[in-house]
Novice: 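Take this structure, written in structure tokens, and hold onto it; I'll ask about it next.
As the structure is a computational prediction, the values presented were derived from the model and not from experiment.
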Amino acid sequence: MMSKYILRTTCIFGKYMQNNSPVMLSAISYPHNSSEQIRHMSKHWNPKYKKERKEKFIKVDLPNFYETDKERISERRRSTLKQYGIYPQKQWMERPIFISCTPTPFDSYVPPEGDGKFSTISKAGAMQKMTDVTMKGKSMMAIRKIKSFEDTFVLKDFPQEALDIYIKAHEALAAKDKDTLIEYVTESAYSKMIHNIMDKSIRWKYVESLEPPRVVHARCHDLITKDNVFGQLTVRIHSQQILTIYDRFGRLQKGSEILKKDVLEYIVYENHLANQYGKWRLHAKIIPSWMPPREVGEKTYVSSPETEVVPPSPPTTSTDTTNVTETTAN
């Protein structure tokens, strides 16, 4: 009987030591002591809130990082996404692409050779007239499609609008104002217009129109999808202009500031009709194959001291007839 009390005393002594309580070495006369504590007991123990305590913990399915079977992993991922109603991710990387303009004019207009020189009585003039009649039907269908996208489009008013765009675009190019230039030209024409203008000074002026501008060609074409429609109008502009180009050293490279020149150009304007905020911009210039090549200005370079050319010395005068003859011959 005494051994029972001793064992009980030893157990209670161990529990008091773990709880940092005062040591009690006296024998206990009854087995159930009110001061006895249960090891690892959680606070506020009440069976009533057993369900709430269970919900405090969330079971998480951790992936097996040591699994090497790719097919099993992909199948498990697909089933998990399907369970939560998520579309499976595509295997390739996609980047958003916005096509604001076409690369080149489609069904480009071919200017007649000797435009404005041949009469309709001559053979060349009659052939030009037949070509215009053939292409007029397609142009009318394209203009009708443009009006279906733009209710306010008027064909008679467009040539003047095109002329204003033409003048503002070239003024921005001469001033090298790239922010203004991109508002009046497409991205395809922008790279071509700013090419080779570095280290140059341009002076450009529009003097007057020799003939009223007019629309000679119209086309519509869809890209990628049927709803993504682009419209192009070719305008004939015959005018007088002044162009002067200076190199980086301020020397005249081409043109003149006082000389007027007659310029006949066929300008292609494009509009992204499917875009609600699309507007007409300068897209390209048509240069026919029969047109002679333009003069290219000579390039200038900085001469280094090693390659500097020494000017020749003036010829020496002499009374000897033989020396004079040799100098003249040379």
Novice: Is it true that His272 and Phe230 have ring centroids separated by less than 6.0 Å?
Specialist: yes
Novice: Looking at Lys176 and Ile197, what are the two nearest heavy atoms and their distance?
Specialist: NZ-O, 3.3 Å
Novice: Evaluate whether atom NZ of Lys82 has more than 12 neighbouring non-hydrogen atoms of other residues, nucleotides or ligands under 6.0 angstrom away.
Specialist: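 No, because the 6.0 Å sphere around NZ of Lys82 holds 12 heavy atoms or fewer from other groups.
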Novice: Any chain of hydrophobic side-chain contacts (each under 4.5 Å) joining Leu181 to Ile245?
Specialist: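 Per the 4.5 Å side-chain linkage, Leu181 and Ile245 are co-clustered.
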Novice: Could you report the tightest heavy-atom contact between Glu187 and Ser100, atom names first, then the distance?
Specialist: OE1-OG, 2.9 Å
Novice: Please name the pair of heavy atoms, one in Gln241 and one in Glu265, separated by the smallest distance, quoted to 0.1 Å.
Specialist: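 Taking every non-hydrogen atom into account, NE2-OE1, 4.1 Å.
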Novice: Phe98 and Asn275: side chain to side chain contact (heavy atoms under 4.5 Å, CB included), yes or no, with the steps?
Specialist: CA-CA 11 Å; Phe98 175 69; Asn275 186 6; 4.3 Å; yes
Novice: Donor-acceptor check, side chain of Asp199 to backbone of Arg248, threshold 3.5 angstrom: yes or no?
Specialist: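 Pair absent, no side-chain N/O of Asp199 close to backbone of Arg248.
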Novice: List the steps and the verdict of side-chain hydrogen bond (donor to acceptor under 3.5 Å, both in side chains) for Glu171 and Thr180.
Specialist: CA-CA 10 Å; Glu171 287 178 350; Thr180 306; over 6 Å; no
Novice: Indicate yes or no: at least one non-hydrogen side-chain atom of Ile146 is less than 4.5 angstrom from one of Leu233.
Specialist: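 Side chain of Ile146 against side chain of Leu233, heavy atoms only: contact under 4.5 Å found.
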Novice: Does the side chain of Asp247 come under 3.5 Å of the side chain of Gln253 through a donor N or O and an acceptor N or O?
Specialist: no
Novice: Are any side-chain N or O atoms of Lys261 and backbone N or O atoms of Leu243, one a donor and one an acceptor, separated by less than 3.5 Å?
Specialist: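 Such a contact is absent between Lys261 side chain and Leu243 backbone.
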Novice: Quick one: pull up CZ in Phe106 and NE2 in His221 and give me the separation to the nearest 0.5 Å.
Specialist: 6.5 Å
Novice: Below 6.0 angstrom between ring centroids: does that apply to His283 and Tyr269?
Specialist: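 No, the ring centres sit 6.0 Å or more apart.
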Novice: If you apply the rule side chain to side chain contact (heavy atoms under 4.5 Å, CB included), what do you find for Phe158 with Val235, and how did you get there?
Specialist: CA-CA 9 Å; Phe158 181 77; Val235 181; 3.7 Å; yes
Novice: So does Arg203 get a backbone contact from the side chain of Glu257, meaning a donor-acceptor N/O pair under 3.5 Å?
Specialist: no
Novice: Are more than 12 heavy atoms, taken from residues, nucleotides or ligands other than Arg76, located less than 6.0 Å from that residue's CZ atom?
Specialist: yes
Novice: For the pair Met193 and Val185, evaluate side chain to side chain contact (heavy atoms under 4.5 Å, CB included) and give the outcome as yes or no after the intermediate values.
Specialist: CA-CA 9 Å; Met193 293 182 70; Val185 301; 3.6 Å; yes
Novice: Should Tyr206 and Leu210 be counted in the same cluster of Ile, Leu, Val, Met, Phe, Trp and Tyr side chains packed under 4.5 Å apart?
Specialist: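 Different clusters.
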Novice: Taking Ser188's backbone N and O only, do any of them form a donor-acceptor pair with Ser191's side chain (distance below 3.5 Å, no angle check)?
Specialist: yes
Novice: Please test Glu270 against Thr102 for side-chain hydrogen bond (donor to acceptor under 3.5 Å, both in side chains), starting from the C-alpha separation and ending with a verdict.
Specialist: CA-CA 9 Å; Glu270 186 179 83; Thr102 57; 2.3 Å; yes
Novice: Side chain to side chain contact (heavy atoms under 4.5 Å, CB included) between Ile202 and Thr244: does it pass, once the steps are laid out?
Specialist: CA-CA 6 Å; Ile202 303 174; Thr244 312; over 6 Å; no
Novice: For the residue pair Tyr166 and Trp204, categorise the inter-ring angle as parallel (less than 30°), tilted (30 to 60°) or perpendicular (more than 60°).
Specialist: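 Ring orientation of Tyr166 relative to Trp204: perpendicular.
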Novice: Can you name the ring-ring contact (aromatic ring centres under 6.0 Å, His included) partners of His238, sequence neighbours left out?
Specialist: none
Novice: Taking all atoms of both residues into account, what is the closest heavy-atom pair of Leu259 and Ile242, and its distance?
Specialist: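 The answer is O-CG1, 3.7 Å.
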Novice: Less than 3.5 Å apart, any donor N or O on the side chain of Thr152 or Glu150 sitting next to an acceptor on the other?
Specialist: no
Novice: Of the non-hydrogen atoms in Cys220 and Ala142, which two are nearest, and what is the gap between them?
Specialist: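 Here Cys220 and Ala142 meet closest at SG-O, 3.5 Å.
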Novice: Would you indicate whether the side-chain heavy atoms of Asn228 and Asp222 approach each other to under 4.5 Å?
Specialist: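 A side-chain contact is absent here, since even the closest heavy-atom pair is not under 4.5 Å.
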Novice: Going only through I, L, V, M, F, W and Y residues with side-chain contacts under 4.5 Å, is there a path from Tyr277 to Leu273?
Specialist: no
Novice: Report yes if some heavy atom in the side chain of Val207 is under 4.5 Å from a heavy atom in the side chain of Ser239; otherwise report no.
Specialist: no
Novice: Side chains of Val215 and Thr234, heavy atoms from C-beta outward: is any pair under 4.5 Å?
Specialist: no
Novice: Within a reach of under 6.0 Å around CD of Gln276, are more than 12 heavy atoms found that belong to other residues, nucleotides or ligands?
Specialist: no
Novice: With a 4.5 Å cut-off on side-chain heavy-atom distances among I, L, V, M, F, W and Y, is there a chain of contacts connecting Leu155 to Ile165?
Specialist: yes
Novice: Phe153 versus Trp280: any side-chain heavy-atom pair under 4.5 Å?
Specialist: yes
Novice: Could you tell me the separation between the CD1 atom of Ile143 and the NZ atom of Lys136, rounded to the nearest 0.5 Å?
Specialist: 9.5 Å
Novice: Does any part of the side chain of Leu282, heavy atoms only, come nearer than 4.5 Å to the side chain of Thr186, both counted from C-beta?
Specialist: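 They are not in side-chain contact.
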Novice: Tell me whether Asn271 contacts the main-chain N or O of Lys279 through its side chain, where contact means a donor paired with an acceptor under 3.5 Å.
Specialist: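 Yes; judged by distance alone, with no hydrogens or angles, the pair exists.
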Novice: Is Arg236 salt-bridged to Glu211, cutoff N-O under 4.0 Å?
Specialist: yes
Novice: Any sub-3.5 Å donor-acceptor pair from Ser139's side-chain atoms to His217's backbone N or O?
Specialist: no
Novice: Taking all non-hydrogen atoms of both residues, which atom of Tyr266 and which atom of Pro111 are closest, and how far apart?
Specialist: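 Shortest heavy-atom separation between Tyr266 and Pro111 comes out as CE1-CB, 3.5 Å.
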Novice: Counting only N and O atoms by type, is there a donor-acceptor contact under 3.5 Å from the side chain of Lys178 to the main-chain atoms of Ala172?
Specialist: no
